[in-house]
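Keep in mind that the numbers below use all heavy atoms, side chains included, and drop hydrogens, waters and symmetry copies.
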Amino acid sequence: MGSPGCIHFHQALPFAWLYSLKPDSKKQEFTTATLIKLPSIDFATRKIAKHLKQTKEIVQNGDNFKTKTISTFRNYDVDFTVGVEFEEHTKGLDNRVVKTLVTWDGDKLVSVQKGEKNNRGWKHWIEGDILHLELTCEDQVCHQTFKKKN
């Protein structure tokens with residue numbers, strides 16, 4: 001399944017984790033550069049995104065997930081069940097309506113979002129106390145890392 005030392009999302013018992021965005025300048029610079037290149041994200045949001053300090057909260061109960069991305073600017077919640085397609089409104093992000101399907105790929109949660117943009121989605125996986133988030137939209141890829149809070 002996962003790499004040695006990897007904490008698996010796929011657990012039978014409910015649990016909740018809280019992560020904060022790591023201040024890794026190289027990844028932050030890449031994230032900002034990626035956001036600036038996406039024409040679907042308005043100018044004001046791109047400017048503000050450069051300065052955000054995000055926290056992610058993930059609550060899992062089997063294949064049911066409740067996720068929250070919390071920042072000083074906007075919060076974004078999405079609840080889903082792995083393997084069940086749902087309509088997602090990305091209000092506060094790029095304000096689109098997409099059909100989203102989240103599946104397991106080994107120890108990674110993989111989201112495919114169908115809508116007006118091609119090759120759109122994300123992947124989440126955990127290594128030790130680090131939560132990885134890889135966002136994809138068309139030809140842009142953004143990788144963020146979050147450190148587990150105690």
Side-chain angles (χ1 to χ4, degrees), residues 1-24 27-28 30-32 34-35 37-42 45-46 48-49 52-150:
M1 274 184 79
S3 59
C6 181
I7 297 174
H8 306 294
F9 268 121
H10 210 328
Q11 298 183 17
L13 299 174
F15 69 95
W17 286 344
L18 193 61
Y19 293 89
S20 58
L21 188 63
K22 287 178 60 179
D24 181 327
K27 287 182 180 162
Q28 288 291 39
F30 180 68
T31 299
T32 301
T34 301
L35 284 172
K37 290 179 187 176
L38 289 176
S40 61
I41 302 201
D42 66 78
T45 301
R46 287 182 289 182
I48 292 168
L52 290 181
K53 294 189 185 333
Q54 297 178 23
T55 298
K56 275 208 171 283
E57 180 181 26
I58 300 174
V59 178
Q60 179 187 6
N61 188 355
D63 278 344
N64 298 308
F65 285 81
K66 293 182 182 293
T67 66
K68 293 181 182 182
T69 303
I70 304 158
S71 74
T72 51
F73 178 59
R74 288 193 177 129
N75 297 335
Y76 184 71
D77 299 354
V78 64
D79 300 345
F80 60 89
T81 300
V82 175
V84 177
E85 187 176 64
F86 64 98
E87 188 171 273
E88 181 177 2
H89 300 266
T90 62
K91 185 175 179 172
L93 301 175
D94 62 358
N95 297 313
R96 298 184 190 281
V97 177
V98 295
K99 290 287 188 181
T100 301
L101 177 64
V102 181
T103 58
W104 290 110
D105 182 7
D107 292 331
K108 292 182 181 181
L109 282 173
V110 178
S111 167
V112 174
Q113 298 171 322
K114 296 177 190 168
E116 61 188 79
K117 297 290 182 181
N118 294 321
N119 191 34
R120 180 183 169 130
W122 52 259
K123 295 178 184 175
H124 267 302
W125 69 96
I126 299 170
E127 293 175 341
D129 63 352
I130 304 298
L131 172 69
H132 295 265
L133 171 59
E134 181 181 280
L135 301 157
T136 306
C137 185
E138 296 184 331
D139 64 344
Q140 301 296 309
V141 178
C142 171
H143 185 222
Q144 297 177 325
T145 53
F146 297 79
K147 181 150 177 66
K148 187 175 180 183
K149 289 184 169 185
N150 295 334

For the atom pair [atom1] ([X]) and [atom2] ([Y]), what is the distance rounded to the nearest 0.5 Å?
| X | Y | atom1 | atom2 | result |
| --- | --- | --- | --- | --- |
| T69 | D77 | OG1 | CG | 8.0 Å |
| K108 | W122 | NZ | CH2 | 12.5 Å |
| Y76 | I70 | OH | CD1 | 14.0 Å |
| K68 | Q54 | NZ | CD | 15.5 Å |
| S111 | L101 | OG | CG | 7.5 Å |
| F146 | T55 | CZ | OG1 | 8.5 Å |

Are a donor atom and an acceptor atom from the side chains of D105 and W125 found within less than 3.5 Å of each other?
no
Would you check if there is a donor-acceptor pair between the side chains of D63 and T81 at a distance under 3.5 Å?
no
H143: which of H132, K123, E134 passes side chain to side chain donor-acceptor pair (under 3.5 Å)
H132
Residue that, paired with R120, satisfies side chain to side chain donor-acceptor pair (under 3.5 Å) out of Q113, E138, Q140:
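It is Q113, the one option of Q113, E138, Q140 that forms the side chain to side chain donor-acceptor pair (under 3.5 Å) with R120.
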Quick one, [X] and [Y] - any side-chain contact, counting heavy atoms below 4.5 Å?
| X | Y | answer |
| --- | --- | --- |
| W104 | L109 | yes |
| K114 | V98 | no |
| V97 | E87 | yes |

Quick one: does any side-chain atom of N75 pair with a main-chain N or O of S71 as donor and acceptor, under 3.5 Å?
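The answer is yes, because a donor-acceptor pair under 3.5 Å joins these two groups.
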Check against side chain to side chain contact (heavy atoms under 4.5 Å, CB included), I58 and L131:
CA-CA 10 Å; I58 300 174; L131 172 69; 3.8 Å; yes
Could you walk me through whether V78 and F86 satisfy the side chain to side chain contact (heavy atoms under 4.5 Å, CB included) test, starting with their C-alpha distance in whole Å, then the side-chain angles of each, then the deciding distance to 0.1 Å, before giving a yes or no?
CA-CA 10 Å; V78 64; F86 64 98; 3.8 Å; yes
Could you tell me which residues satisfy salt bridge (charged side-chain N to carboxylate O under 4.0 Å, His left out) with K149, sequence neighbours excluded, listed by chain and number?
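None.
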Which residues pass the side chain to side chain donor-acceptor pair (under 3.5 Å) test with T136, sequence neighbours left out?
none
